[in-house]
2 protein chains.
Amino acid sequence: MSKIKKDNTEERILDAAQSVFIQKGMDGTRMQEIADTAGINKALLHYYFRTKQKLFEAIFKKIFSGAFPSIKDFLLSDTPIEEKLEVFIERYIDLLLKNPFLPIFILKEINRDPDFMIMTLKSGGVNPSEILDIFEEEMHKGNLRKMEVREILINTIGLCIFPFAAKPLLLNLFFENDKNAYKQFLVNRKTTVKDFVLNSILIK
Amino acid sequence: MSKIKKDNTEERILDAAQSVFIQKGMDGTRMQEIADTAGINKALLHYYFRTKQKLFEAIFKKIFSGAFPSIKDFLLSDTPIEEKLEVFIERYIDLLLKNPFLPIFILKEINRDPDFMIMTLKSGGVNPSEILDIFEEEMHKGNLRKMEVREILINTIGLCIFPFAAKPLLLNLFFENDKNAYKQFLVNRKTTVKDFVLNSILIK
DNA sequence: GTCTATATGGCGATAGAC
DNA sequence: GTCTATCGCCATATAGAC
């Protein structure tokens, strides 16, 4: 089946809204800007989605249904913990390289309207407990040093996310605004974060 | 000299504005809310600071003049690298425990208006190069494993900041909304982040 | 300096023609 | 379904009395 370019209005609106919302957040977004980006007028936005809030919720759900392809099967498979972490970090950073505004967007909205965000995330299947169980088991087997398992996951995610969320600052303070160097730094983190985490949690 | 409670209007405004701006950010803040918090009316805000933007800039500068007490003397002193990192992390997390909204505030504003933020930070003396030099030297002496020095500092800061910036999410997903447990987790990070980082960068 | 009242502009949302 | 025109509100900002 050939890929048809869907240019129906609803989809154009969703694409435009996603692009603006993810960069400016709920508070910073203007309906006019979404309309301009979609090449239509404001009234149509309301015709399709009634309110800004409803449009935002549609976008947030859309982002999360697509953003987190399941990695559970792999994590639960019978591979060494090093490899699991490696693949997790690689996929996570790849996802962020494709969606660099995702971290700051989520952090902003999580702090602005926690209840809605958490509800949406949970109904999207976000649940760390299975991953924590894996760490727990490996620790029991003596493959990981004794520590709070939540710490491992929280630190790993934090290390992946931070350079994206703080990009404008780090780009300036650490890379003299050399965007290519910064991009390379981000790509390299697929390896360096893995090394950093493994060096810290594996028993030598 | 006894501490006099200064209750002049300008200071009340600054305190109120700081409290609101840091929680809601520039976009999410209403002048009315600042006025209410300060116990005055909107007009006075404009009498003292003319515009919301100017008030915001005053607050941002105020936060940064007080927020980062110099730790340079200590970092440049003749103490082992382990101790330097330990004290750096301890002070950093203590600062965040006292100003838990600081991370998300800075991340938001850094992404909203990078030029102004970076200018302000730099004129406030923020400059990582001296710290990077220390890592460079220790690495040369063979005390740290070979790696990109920027990585050490960026990771350390990221690990300190992330649990504050993502608090509502982590509180729910990892701590079942037990605020005391989360608070304890944050306090413990003065030790656990240090261990995590040192385990990763020290040569065994 | 501090207040009330009001101007001014922008934004979300709606009405109504086509 | 899509547009233009406009409403109504809210937020920043100002005018002017005290």
Side-chain angles (χ1 to χ4, degrees), chain A residues 4-63 105 108-109 111-113 115-117 120, chain B residues 4-63 101 105 108-109 111-113 116-117 120:
Chain A
I4 298 165
K5 175 175 175 353
K6 294 186 197 167
D7 57 353
N8 55 2
T9 304
E10 183 163 350
E11 193 162 329
R12 299 240 314 275
I13 291 175
L14 285 170
D15 287 348
Q18 172 159 348
S19 149
V20 179
F21 272 132
I22 209 170
Q23 291 184 55
K24 308 254 171 109
M26 175 67 172
D27 287 342
T29 291
R30 299 291 88 106
M31 293 295 268
Q32 185 62 59
E33 189 174 353
I34 296 175
D36 292 345
T37 305
I40 55 161
N41 60 45
K42 269 193 305 177
L44 263 193
L45 298 180
H46 293 282
Y47 175 79
Y48 278 90
F49 293 92
R50 249 181 55 80
T51 68
K52 182 184 179 184
Q53 178 65 27
K54 286 186 194 305
L55 177 54
F56 177 79
E57 291 175 8
I59 294 301
F60 196 84
K61 285 170 186 162
K62 180 186 168 210
I63 288 174
F105 171 75
K108 258 197 293 208
E109 301 307 329
N111 279 277
R112 192 183 62 87
D113 187 356
D115 293 342
F116 168 68
M117 297 300 132
T120 309
Chain B
I4 298 163
K5 176 174 175 354
K6 293 186 196 167
D7 57 353
N8 55 5
T9 304
E10 183 163 349
E11 193 162 328
R12 299 241 312 277
I13 291 175
L14 285 170
D15 287 348
Q18 172 160 348
S19 150
V20 180
F21 272 133
I22 210 170
Q23 290 185 56
K24 308 257 172 109
M26 175 67 172
D27 287 342
T29 291
R30 300 291 91 108
M31 294 294 267
Q32 185 63 57
E33 188 174 354
I34 296 175
D36 292 344
T37 305
I40 55 162
N41 61 42
K42 273 190 301 177
L44 264 192
L45 298 180
H46 293 281
Y47 174 79
Y48 278 90
F49 293 92
R50 248 180 55 81
T51 68
K52 182 184 179 183
Q53 178 65 27
K54 285 187 196 305
L55 177 54
F56 177 78
E57 292 175 9
I59 294 301
F60 196 84
K61 285 171 186 162
K62 180 189 168 209
I63 288 174
F101 292 110
F105 172 75
K108 257 197 292 207
E109 301 307 328
N111 279 278
R112 194 184 61 88
D113 187 356
F116 168 68
M117 298 300 133
T120 308

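First the proteins, then the strands, lettered A, B, ... as listed; each starts at 1.
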For the side chain of A:T51, counting heavy atoms from C-beta on, which of C:dA15, C:dA13, D:dT2 is nearest?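 Ranking C:dA15, C:dA13, D:dT2 by closest atom to the A:T51 side chain puts C:dA13 first.
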Problem - Given C:dC3, D:dT4, D:dT2, the nucleotide with the shortest approach to the side chain of A:A43 - result: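 Closest nucleotide among those given: D:dT4.
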[X] [atom1] - [N] [atom2] separation (whole Å):
{"X": "B:D27", "N": "C:dG10", "atom1": "CG", "atom2": "P", "result": "16 Å"}
{"X": "A:H46", "N": "D:dT4", "atom1": "NE2", "atom2": "P", "result": "15 Å"}
{"X": "A:M31", "N": "D:dG8", "atom1": "CE", "atom2": "P", "result": "20 Å"}
{"X": "B:L44", "N": "D:dC18", "atom1": "CG", "atom2": "P", "result": "18 Å"}
{"X": "B:I40", "N": "C:dT4", "atom1": "CD1", "atom2": "C1'", "result": "14 Å"}
{"X": "A:N41", "N": "C:dA15", "atom1": "CG", "atom2": "C1'", "result": "14 Å"}
{"X": "A:D36", "N": "D:dT2", "atom1": "CG", "atom2": "C1'", "result": "16 Å"}
{"X": "A:K24", "N": "C:dC11", "atom1": "NZ", "atom2": "P", "result": "11 Å"}

_Is any side-chain heavy atom of A:F105 closer than 4.5 Å to one of A:I63?_
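A:I63 vs A:F105: side chains touch.
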_Taking the side chain as everything from C-beta on, heavy atoms only, tell me whether A:Y48 gets closer than 4.5 Å to A:L55._
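No, too far: nothing below the 4.5 Å cut-off.
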(message) Under 4.0 Å between a side-chain nitrogen and a carboxylate oxygen: does that hold for B:R112 and B:E109?
(response)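 Between B:E109 and B:R112 there is a salt bridge, with a charged N closer than 4.0 Å to a carboxylate O.
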Check your understanding: Under 4.0 Å: is that the gap between some side-chain N or O of A:R30 and OP1 or OP2 of C:dG12?
Key ->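 For C:dG12, OP1/OP2 do have a side-chain N/O of A:R30 under 4.0 Å.
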Item to check | Of A:K42 and A:Y48, the one whose closest DNA chain D nucleotide lies more 5' | outcome: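 Counting from the 5' end, the first nearest nucleotide belongs to A:Y48.
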Quick one: label B:Y47 by what it contacts on the DNA or RNA (base, sugar-phosphate, nothing), any heavy atom closer than 4.0 Å.
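Answer is base: heavy atoms of B:Y47 come under 4.0 Å of a base.
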What is the minimum heavy-atom distance between B:M26 and B:K52, and which atoms define it?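 What the structure gives for the nearest pair is O-NZ, 3.1 Å.
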